[in-house]
Student: 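A single structure is presented below for examination.
Just so you know, ligand 1 is whichever comes first in the structure, and atom 1 is the first atom listed for that ligand.
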Amino acid sequence: MNRRHLLIASAGGLALRSHALNFANRPAPFPIRAEVDRIVDIAVGIRPFRAAGPRLALERHGSKALVHHYGHGGSGWSLSWGSAQAAMGLVAASGVRPGERIAVVGCGAIGLTTARTAQQAGLKVRLYAQARPPQVHSSAATGLWTPDSRIVTTEHATQRWAAGWEAMARASFRVHQSYLGLPSAPVSWHDGYVVADQDFDSPLPHYGQTPEPDYPDLQDRLAHLRPGSEPVPAGEHPFGTRAVRRFTQMVFNIPAYQRLLWEDFLREGGEWVPRTFRDGKELTTVAERTVVNCTGDAARTLYADVHMTPVRGQTARLIPQPEVDYAVIYRGQNCVALPRRDGLLVAATGAHDFGSADLRPDRAQAEAAVQRLAQLF
Ligand SMILES: Cc1cc2nc3c(=O)[nH]c(=O)nc-3n(C[C@H](O)[C@H](O)[C@H](O)COP(=O)(O)OP(=O)(O)OC[C@H]3O[C@@H](n4cnc5c(N)ncnc54)[C@H](O)[C@@H]3O)c2cc1C
């Protein structure tokens, strides 16, 4: 079973807050206005996929310690906090003293959460980065809790690796919950529907995409962290005769989350230095003794990491519809819609995303996804 299949099969359904009048007497849900002229933005980013899983390693370079912390594939936001805690173990092993200032290079999802975790551990942090949000790949993310998305290949997913991943995911999950209920809603939970034209057992069409490696099924390890999905009988959902399952899903409102992390970082005395490092060695030329490398896909070239493959991703935002509070996964149609604060996010896979670092927006791809979504309404 490949990753796309798993995602769709396991995501559960976004529950339109109710839909038919005969559904527990709840009001009918508001339809998504899936119209191409409501697209206000198309964002493209690169997932830093690493076949062997994220690289967490401590290297010594003379008097300097370099902690590698990159390669989180399609799971960077989801795993961020747990991964940052693991990185902090390596920072501690580097011999850093309480209150010492460390360097964190990169301020995407991984750099920001690493910096905040270090501050919470009593360290001072100086962030060096070529770009900061929203000009980082992390800003283009969909914003779903997907800790197992393109995170490792089956070949590398040993029992030991999976246990480490599970610990990371659980730790991350706990921290994400502490961001619930805040005014800017950096983290929220939504119901959703996964909708299939036929049934959930029929094979998914291939769409001529570039083949991807085999990914392990890690879902069962985290099964109890959210409610399971459940079938929704015909007549109790707005999708006609289609097969529908309802699920409940954690959502990251990426712009609000990034902004909050950034502001918290500065408020706690964090420093920010715009800087582009030309090669991997240059990272250890900064003033700090301990440096954490959170450069995401850029580490592929900075460190000639042969395990890494760029995976392009694109999201389109439609004009916000605050009245829509459910997500939709249209199974087999390569289309996901998410009710984010900054707009209705529509994500779709492109034909040649795997292995591509092409950052050019593809308007036709975005419009096609919106049109497929429109078929549901
Ligand atoms: C379309 C899309 C959808 C996604 N959806 C989800 C999702 O729903 N859920 C989820 O959990 N994850 C998702 N992801 C994955 C997630 O976004 C990534 O795993 C995450 O962005 C990785 O973060 P990062 O901090 O490692 O990298 P980046 O965000 O790329 O940050 C790298 C940082 O390093 C800096 N840098 C790079 N090179 C240099 C250099 N030479 N010198 C100085 N600084 C440098 C950059 O400027 C930047 O600040 C998605 C990704 C994409 C593209």
Student: Considering only non-hydrogen protein atoms, determine which one is nearest to atom 47 (O) of ligand 1 and report residue, atom name and distance to 0.1 Å.
Tutor: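 Checked against all protein heavy atoms, atom 47 (O) of ligand 1 sits closest to Ala131 N, 2.9 Å.
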Student: Kindly give the heavy-atom pair with the smallest separation between Ile254 and Ser138, and that separation in Å.
Tutor: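 For Ile254 versus Ser138, the nearest heavy atoms are CG2-O, 3.7 Å.
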Student: Pick whichever of Ala140, Ser78, Ser139, Cys107 has a heavy atom sitting closest to atom 11 (O) of ligand 1.
Tutor: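 Minimum heavy-atom distance to atom 11 (O) of ligand 1 goes to Ser78.
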Student: Who's the nearest protein heavy-atom neighbour of atom 9 (N) of ligand 1, and how far?
Tutor: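 Here the nearest protein heavy atom works out to Leu144 O, 2.8 Å.
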Student: Just need the protein heavy atom nearest to atom 17 (O) of ligand 1, so name the residue and atom and give the distance.
Tutor: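 The answer is Ala141 CB, 3.5 Å.
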Student: Under 3.5 Å between any N/O of Ile46 and any N/O of ligand 1: does that happen in this structure?
Tutor: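 N/O-N/O distance under 3.5 Å: no.
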Student: Set out, in order, the CA-CA distance, both residues' side-chain angles and the distance that settles salt bridge (Lys or Arg N to Asp or Glu O under 4.0 Å) for Lys281 and Asp279, then state yes or no.
Tutor: CA-CA 6 Å; Lys281 281 196 205 122; Asp279 57 47; over 6 Å; no
Student: Between the side chains of Arg246 and Asp191, is the shortest nitrogen-to-carboxylate-oxygen separation below 4.0 Å, so that they form an ion pair?
Tutor: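 Salt bridge: no.
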Student: To which protein heavy atom is atom 33 (C) of ligand 1 closest, and what is the distance rounded to 0.1 Å?
Tutor: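 Of the protein heavy atoms, Gly106 CA, 3.5 Å lies nearest.
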Student: What protein heavy atom is closest to atom 28 (P) of ligand 1, reported as residue, atom name and distance in Å?
Tutor: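 Of every protein heavy atom, Ser138 OG, 3.7 Å lies nearest to atom 28 (P) of ligand 1.
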Student: Check each atom of ligand 1 against the heavy atoms of Ala298 and keep those under 4.0 Å away; list them by number with element.
Tutor: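 Per the distance check, 37 (C), 38 (N).
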Student: Nearest to atom 32 (C) of ligand 1 by heavy atom, Pro48, Cys294, Pro147: which?
Tutor: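 Comparing heavy atoms across Pro48, Cys294, Pro147, the nearest one to atom 32 (C) of ligand 1 lies in Cys294.
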Student: Note the single closest protein heavy atom to atom 15 (C) of ligand 1, along with its residue, its atom name and the distance in Å.
Tutor: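 In this structure, atom 15 (C) of ligand 1 has Gly73 O, 3.2 Å as its nearest protein heavy atom.
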Student: Evaluate Gln314 for polar contact with ligand 1, using N/O atom pairs at a separation under 3.5 Å.
Tutor: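 Between Gln314 and ligand 1, no N or O pair is found under 3.5 Å apart.
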Student: Is the closest N or O pair between Gly313 and ligand 1 shorter than 3.5 Å?
Tutor: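 Among all N and O atoms of Gly313, none is under 3.5 Å from an N or O of ligand 1.
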Student: Ring pair (Phe, Tyr, Trp, His ring centres under 6.0 Å) with Trp81: which of Phe173, Tyr179, Trp145?
Tutor: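 For Trp81, the ring pair (Phe, Tyr, Trp, His ring centres under 6.0 Å) check succeeds only for Tyr179.
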Student: Taking distance alone, with no angle check, do Gln130 and ligand 1 share an N/O pair under 3.5 Å?
Tutor: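 Among all N and O atoms of Gln130, at least one is under 3.5 Å from an N or O of ligand 1.
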Student: Out of curiosity, is Asp297 lining ligand 1, as in a heavy atom under 4.0 Å away?
Tutor: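 It does not, in that no heavy atom of Asp297 comes within the 4.0 Å cut-off of ligand 1.
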Student: Thr146 versus ligand 1: do any nitrogen or oxygen atoms come within less than 3.5 Å of each other?
Tutor: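 Yes.
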Student: Taking N or O atoms only and a 3.5 Å limit, does Arg47 qualify as a polar contact for ligand 1?
Tutor: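 Checking ligand 1 against Arg47, no N or O pair falls under 3.5 Å apart.
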Student: Evaluate Phe277 for polar contact with ligand 1, using N/O atom pairs at a separation under 3.5 Å.
Tutor: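 Yes - when backbone and side-chain N and O of Phe277 are compared with those of ligand 1, one distance drops under 3.5 Å.
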Student: Is there a polar contact, in the sense of an N or O pair closer than 3.5 Å, between Gly74 and ligand 1?
Tutor: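 Gly74 vs ligand 1: N/O contact under 3.5 Å present.
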Student: Do any N/O atoms on Ala109 end up under 3.5 angstrom from N/O atoms on ligand 1?
Tutor: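 Yes; the residue has a nitrogen or oxygen that sits under 3.5 Å from a nitrogen or oxygen of the ligand.
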Student: Using a 4.0 Å cut-off to any heavy atom of Gly143, which atoms of ligand 1 qualify?
Tutor: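 Result: 7 (C), 8 (O).
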Student: One thing to verify: whether Glu271 and Lys124 come together as a salt bridge, which I'm taking to mean a side-chain N less than 4.0 angstrom from a carboxylate O.
Tutor: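 Looking at Lys124 and Glu271, the cut-off is not met.
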Student: For atom 43 (C) of ligand 1, what's the nearest protein heavy-atom neighbour? Residue, atom name and distance, please.
Tutor: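 Here the nearest protein heavy atom works out to Arg275 O, 3.1 Å.
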Student: Is Glu230 salt-bridged to Arg245, going by a charged N under 4.0 Å from an acidic O?
Tutor: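 Judged by the 4.0 Å cut-off on N to carboxylate O distance, Glu230 and Arg245 do not form a salt bridge.
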Student: Answer with side chain, backbone, both or neither: which part of Ala129 has a heavy atom less than 4.0 angstrom from an atom of ligand 1?
Tutor: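 Both of them.
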Student: Atom 48 (C) of ligand 1: which of Val311, Leu283, Val136, Leu79 has the nearest heavy atom?
Tutor: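 It is Val136 that holds the nearest heavy atom.
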Student: What's the shortest distance from atom 27 (O) of ligand 1 to any protein heavy atom, and which residue and atom give it?
Tutor: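 Here the nearest protein heavy atom works out to Gly296 CA, 3.7 Å.
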